[in-house]
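Have a look at the structure below before the remarks.
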Amino acid sequence: MAAPKRLAAFPDVPTFGEAGGPPNFEVSGWTTLAAPPNLPRAVTDKIRRDIEKALSEPSVLEKFASFGYEPFPTTRDGFARYIKDESAAMADVIRATRSSLD
């Protein structure tokens, strides 16, 4: 498991750290909705509220958990920080491993 802790859906699958890899190693994926930059704030706020409501539904949470997905609803600013932090972390990995696109 490429996460700092085991997932509840897969309690018998060890993390990378538990399996002898680097401690707190984490690789995550994410899904988002994107909208045109000038969409009215009222519209984007409604979309966000509707998504948060859907993500709180037990049937949605159960389906997500069945394949190890843990939703992390966040604010617009929080998501921007997340992308910035992930980009910096992956840049470090790319440099350390001398990875390149050929």
Side-chain angles (χ1 to χ4, degrees):
M1 189 68 52
K5 64 179 182 147
R6 292 185 184 204
L7 292 178
F10 304 100
D12 297 330
V13 177
T15 66
F16 267 52
E18 292 171 334
N24 297 320
F25 178 75
E26 183 172 13
V27 176
S28 63
W30 48 269
T31 305
T32 191
L33 295 177
N38 297 323
L39 202 62
R41 183 74 170 208
V43 174
T44 59
D45 287 348
K46 178 170 181 355
I47 292 169
R48 182 186 45 77
R49 285 191 308 272
D50 290 347
I51 290 170
E52 287 174 353
K53 181 179 177 189
L55 290 176
S56 71
E57 292 290 331
S59 62
V60 172
L61 293 172
E62 183 180 320
K63 179 56 95 175
F64 282 177
S66 74
F67 50 84
Y69 186 83
E70 296 177 352
F72 68 105
T74 185
T75 64
R76 182 180 313 190
D77 291 339
F79 187 66
R81 276 190 309 277
Y82 174 79
I83 295 300
K84 182 180 177 184
D85 293 346
E86 284 292 293
S87 295
M90 289 300 111
D92 291 344
V93 170
I94 290 166
R95 280 190 290 277
T97 61
R98 298 183 184 155
S99 297
S100 65
L101 295 175
D102 292 328

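Reckoned from all heavy atoms, side chains included, excluding hydrogens, waters and symmetry mates. None of these values were measured; they are calculated from a predicted model. The first residue of the sequence shown is numbered 1, and numbering continues consecutively from there.
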Same cluster for Ile47 and Val60 if Ile/Leu/Val/Met/Phe/Trp/Tyr side chains link at under 4.5 Å?
yes
Per-pair distances, 0.1 Å, donor-acceptor, side chain in residues 82-96, under 3.5 Å, sequence neighbours excluded:
unit_1 : atom_1 : unit_2 : atom_2 : d
Tyr82  : OH     : Ser28  : OG     : 2.6
Ser87  : OG     : Ile83  : O      : 2.8
Asp92  : OD1    : Arg95  : NH2    : 2.7

Sorted by chain and number, sequence neighbours left out, side chain to side chain donor-acceptor pair (under 3.5 Å) with Thr32 holds for none
With Tyr69 via side-chain contact (heavy atoms from CB on, under 4.5 Å) - residues at least two apart:
Thr31, Phe64, Phe67, Pro71
Please identify each residue that fulfils salt bridge (Lys or Arg N to Asp or Glu O under 4.0 Å) with Arg76, with sequence neighbours left out.
none
What residues, two or more places apart in sequence or in another chain, satisfy side-chain contact (heavy atoms from CB on, under 4.5 Å) together with Thr74?
Phe79
Checking Arg41 now: which residues fulfil salt bridge (Lys or Arg N to Asp or Glu O under 4.0 Å) with it, not counting sequence neighbours?
Asp45
Nearest heavy-atom neighbours spanning Thr44 and Leu39:
CG2-CD2, 3.7 Å
So, using side-chain contact (heavy atoms from CB on, under 4.5 Å) as the criterion, who are the partners of Arg81 when residues are at least two apart?
Asp77
Results of ring-ring contact (aromatic ring centres under 6.0 Å, His included) for Phe25 - residues two or more places apart only
Phe16
Identify, with sequence neighbours excluded, every residue that meets side-chain contact (heavy atoms from CB on, under 4.5 Å) alongside Lys5.
none
With sequence neighbours left out, which residue pairs that include part of residues 54-63 fulfil the salt bridge (Lys or Arg N to Asp or Glu O under 4.0 Å) condition?
none
By salt bridge (Lys or Arg N to Asp or Glu O under 4.0 Å), which residues pair with Glu70, not counting sequence neighbours?
none
Among residues two or more places apart or on two chains, list those pairs meeting salt bridge (Lys or Arg N to Asp or Glu O under 4.0 Å) that have a residue in residues 8-35.
Arg6-Glu18
Which value, rounded to the nearest 0.5 Å, describes the distance between Ile51 atom CD1 and Arg48 atom CZ?
9.5 Å
Least distance between heavy atoms, Ala65 atom then Ala9 atom
O-CB, 2.8 Å
Counting C-beta onward and ignoring hydrogens, is there a side-chain heavy-atom pair between Val13 and Leu7 closer than 4.5 Å?
no
